[in-house]
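Notes follow the structure.
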Amino acid sequence: MKIPVNRSIPLLLLCLASAWIGWLLGLPDSTAEGRDGTESRSEPRRPGRDASAAAGIRPSGPKARTPQQFAALKKSLMSRFMESPYAWEDWELREQTAAILATLTTEELKDFADSLGKSGLDRFVTFTKHPGGQSALLREILLQWGLRDPAAAVLCEVSHEHSAAGNHVLRAWLERAPGEAEAWVFSDDFPTGYESISSGLRALILEEKAAHDFGAALDLWSGFQAADRTWGIRNFVDYLEKDPSKIADLVAKIAAQSSSGQAMSDYRTLISSLAGRSADQAAALIETLPVSDEDRRALAVNWAEGWAMKSPAEAFAYWASLGEESPSSTMVDRFSMWASRDPAKAGAWVAGLEAGPARHRFEEKVVSQLMGMGDFGRAADFSKIIPDPEQRLRQLKIVHRGWQERNPRAAGEWLAKLPEADRAALGGD
């Protein structure tokens, strides 16, 4: 039996569907106000850009909210970032957040940033689900705050990150108003209590400037005080290694504007820093610097200090050939790093040194390093082969005392196996 069909019904449905789709496509690109007072935007952020960098345009400006509405807004944003496993790459979320944050007042942005600090972790324990979401949200808040009060936002980011390196608020400020940002960082009346981080912020500015105009960076650096000149040179090393012609520019600047004492200090920093990246380049530079033979020998020690970061065995062998009576504190620190990575090779090198103050300092560092690693057995074995009787007994006593506190039973077993004279000296009889 054939079911009769009303042919006008399909045609009517088709027309209705076409009209509905057309209505959707014709909707204006607008924002919708949420119940928590937030706005949502549908246009996604293109990857590779900081969402807030372009969100500096605030079409609506700050909005008046009750404390309850502000609390609801914060809760909503935190929930969104908490639920996003890839908040740093969720460009649509970050774009929407930037637009929402643009409607907050300066005080609200400060309050929001403070609530996401270390002290806020206990209050918002749910952020442990996706911890990255918390830092991504904080970045957006700080960048928006930086559009209103950049100085305060820069200092807030430093306090959260415990470092001035890579300060994103300052970078954005430098792009937006470089003269204003530099004047603040280099001002004589830098905010009280933050003086210690001003060097880090200056280093960031120098790094940004060197990337675009090395000559301008050199001019800026030449006005630095002694302490800041050191890290300034270290920041230049990347550019010096890639473009040796810049080394000549830096050396000329040092020679022209520095006193003899400051010039030598700058040269020492330059050689040590460059040797850690390119030993041959640094060695060739030593021969061309306008210094005395005595200073050139001192620079050879700095060269070894820098090279030790990359090739400790070769660097310390070279240092030994210089015949230095005592190692510098930097060389001892480099040795400590080597001993922590490869105590066997470091110990073998020390064992080959001639007796004297230098050997004693390195021997003490090996024992200290092994004990710090909890390897009292190897520290004891190394101490037993120290040739100087007084130094040997001194280090054995240090090992025994530390081992006794950490593991009395193991220390007692070790002591029982020592020769009778050693046991008596250590109080084992």
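Each residue takes its place number in the sequence, starting with 1. Computation of the quantities below employed the complete heavy-atom set of this structure, encompassing side-chain atoms and omitting hydrogens, waters and symmetry-equivalent molecules. The model shown is predicted, which means the values in this text are computed figures rather than measured ones.
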Checklist entry - What residues form a side-chain contact (heavy atoms from CB on, under 4.5 Å) with Lys75, not counting sequence neighbours? => result none
Checklist entry - Relative to each other, are the rings of Phe236 and Trp221 parallel, tilted or perpendicular (30° and 60° limits)? => result perpendicular
Checklist entry - For the residue pair Trp338 and Phe335, does the interplanar ring angle fall in the parallel (under 30°), tilted (30 to 60°) or perpendicular (over 60°) class? => result perpendicular
Item to check | Closest heavy-atom pair and its distance - Ala315, Ala304 | outcome: CB-O, 3.6 Å
Item to check | Parallel, tilted or perpendicular, as decided by the 30° and 60° cut-offs, for the rings of Phe362 and Trp319 | outcome: perpendicular
Next on the checklist: I'd like to check Asp375 versus Gln369 (side-chain heavy atoms, cut-off strictly below 4.5 Å). Are they in contact?
Outcome noted: no
Item to check | Audit row: Lys110, Asp149, salt bridge (charged side-chain N to carboxylate O under 4.0 Å, His left out) steps and yes/no | outcome: CA-CA 10 Å; Lys110 179 181 183 303; Asp149 188 351; over 6 Å; no
Checklist entry - Is there a donor-acceptor contact under 3.5 Å from the side chain of Arg378 to the main chain of Met371? => result no
Next on the checklist: Quick test of your reading of the model: are Asp90 and Arg80 salt-bridged, counting only N-O distances below 4.0 Å?
Outcome noted: no
Item to check | Heavy-atom closest pair, residues Arg94 and Ala87 | outcome: CD-O, 3.4 Å
Checklist entry - With side chains defined as the heavy atoms from C-beta onward, is the minimum distance between Asp295 and Tyr267 less than 4.5 Å? => result no
Next on the checklist: My understanding is that only residues two or more places apart in sequence, or in another chain, count here; which of them pass salt bridge (Lys or Arg N to Asp or Glu O under 4.0 Å) with Asp213?
Outcome noted: none
Next on the checklist: Between Glu182 and Lys209, does any side-chain N to carboxylate O distance fall below 4.0 Å?
Outcome noted: yes
Next on the checklist: Check the orientation of Phe70 and Phe112. Use parallel for under 30°, tilted for 30 to 60°, and perpendicular for over 60°.
Outcome noted: perpendicular
